[in-house]
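The structure appears below as structure tokens.
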There are 2 protein chains.
Amino acid sequence: MNDKELRKVGLKATTPRIKILQFLAEAQHHHVSAEDVYKALSEAGEDVGLATVYRVLTQFQEAGLVERHYFESGHSVFEIKQDQHHDHFVCLKCGTVEEFVDPVIEARQLDVAREYGFDMTDHSLNIYGVCKACKA
Amino acid sequence: MNDKELRKVGLKATTPRIKILQFLAEAQHHHVSAEDVYKALSEAGEDVGLATVYRVLTQFQEAGLVERHYFESGHSVFEIKQDQHHDHFVCLKCGTVEEFVDPVIEARQLDVAREYGFDMTDHSLNIYGVCKACKA
DNA sequence: CTAGTTGCAAATCATTTGCACTTGC
DNA sequence: GCAAGTGCAAATGATTTGCAACTAG
């Protein structure tokens, strides 16, 4: 049950929240749009409004349960927050998103920010191109 | 005159296009939104419609004259394409965008992409935080 | 001349908000 | 019971598009 996890971050354990959190955790492709969540729940017979999906996702984001990313093309996707930070490969052919982490890049970012007198609170690195599957 | 530059990329040298290109080239802060362009031209007495600004900016982007970036917060900015690629610091307080280049990061990105069997066509790295000026 | 371009208004799209109603605790 | 949460419909803000009038080559 996700009930506890929700209360832990100060949110009432309501049906929509539980369903959405569950869906995010089980989603095969981690990165989903609000619309994706809405459609999936609707198809599963859950009667959750799109506005609620947006509200809940925003609350989850504020609570640190999910991250929101804005990829080129202007619309955003959400993913359950993982233990470790990571960056993304975005395939321009099939739209797939793959995750990766590179310690060298992570470290340099901090250094560069410091050099410029910038307090880094967050960062996002997206590599766009063609994934292995699409090249085949 | 920008006339030649426009024709070179296959676009008729019309007044709106010339004005917009000129504005982008002279803009003090390189990164401007479509709205910024529209307002600046209006204030300068140029009668260019917002729809035209969007159309022209998109054409410029396709022609490789400008780049479009989508920063977190969901709205995009345009900048005249520079000789060199660069990444961005985005100040969450004042919205300012600063540019930087780090060879170490650039090189690692290529390596990482290769390791994952990914053909990189483009990438974007944005560091979010508080800039020097806002900390003061 | 005439295909490409423009301005304006109306149309979209993603996301947000107002409000009367419902539900967790 | 009551504040917090929800659904729906209407509002928003950014961007796009239809179309009749205009202009560069």
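So you know, we letter chains A, B, ... as the sequences are listed, proteins then strands, and number each from 1. Fair warning: this is a prediction, and the values are worked out from it, not measured in the lab.
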Would you say [N] has OP1 or OP2 under 4.0 Å from some side-chain N or O of [X]?
X       : N      : value
A:Tyr54 : C:dT16 : no
A:Arg55 : D:dA4  : no
B:Thr52 : C:dG7  : yes
B:Ser76 : D:dT15 : yes

>> Using a distance-only criterion (donor-acceptor N/O pair, under 3.5 Å, no hydrogens), is the base of C:dG4 paired with the side chain of B:Arg17?
In response: no
> Side-chain donor or acceptor of B:Arg7 under 3.5 Å from a matching atom on the base of C:dG4?
Replying inline: no
Between [atom2] of [N] and [atom1] of [X], the distance in whole Å:
X       : N      : atom1 : atom2 : answer
B:Asp36 : D:dT15 : CG    : C1'   : 15 Å
A:Leu50 : C:dC13 : CG    : P     : 14 Å
A:Leu41 : D:dG7  : CG    : C1'   : 14 Å
A:Glu46 : C:dT23 : CD    : C1'   : 16 Å
A:Asp47 : C:dT22 : CG    : P     : 13 Å
B:Glu35 : D:dT15 : CD    : P     : 8 Å
B:Tyr70 : C:dC13 : OH    : P     : 16 Å
A:Tyr38 : D:dT6  : OH    : P     : 15 Å

>> Looking at every heavy atom in both B:Phe23 and B:Leu41, which two are closest together, and how far apart are they?
In response: CB-CD2, 4.4 Å
> Where the side chain of B:Lys12 is defined as all heavy atoms beyond and including C-beta, which of C:dG24, D:dG25, C:dG7 is the nearest nucleotide?
Replying inline: D:dG25
> With respect to the side chain of B:Ala51, which nucleotide from C:dG24, C:dT6, C:dA9 is positioned closest?
Replying inline: C:dA9
> Does A:Val112 reach the side chain of B:Phe89, with side-chain heavy atoms less than 4.5 Å apart?
Replying inline: yes
> So do B:Asp87 and B:His123 actually touch side chain to side chain, heavy atoms under 4.5 Å?
Replying inline: yes
>> Regarding A:Asp83 and A:His85, do their side chains bring together a donor and an acceptor under 3.5 Å, going by distance alone?
In response: no
> Where does the angle between the aromatic ring planes of A:His86 and A:His69 fall among parallel (under 30°), tilted (30 to 60°) and perpendicular (over 60°)?
Replying inline: tilted
> How do A:Ser33 and B:Pro16 order along DNA chain C: which one's closest nucleotide is nearer the 5' end?
Replying inline: B:Pro16
> If you pin A:Arg68 and B:Leu11 to their nearest nucleotides in DNA chain C, which one's is more 5'?
Replying inline: B:Leu11
>> Both B:Thr58 and B:Thr14 contact DNA chain D. Taking the nearest nucleotide for each, which residue is further toward the 5' end?
In response: B:Thr58
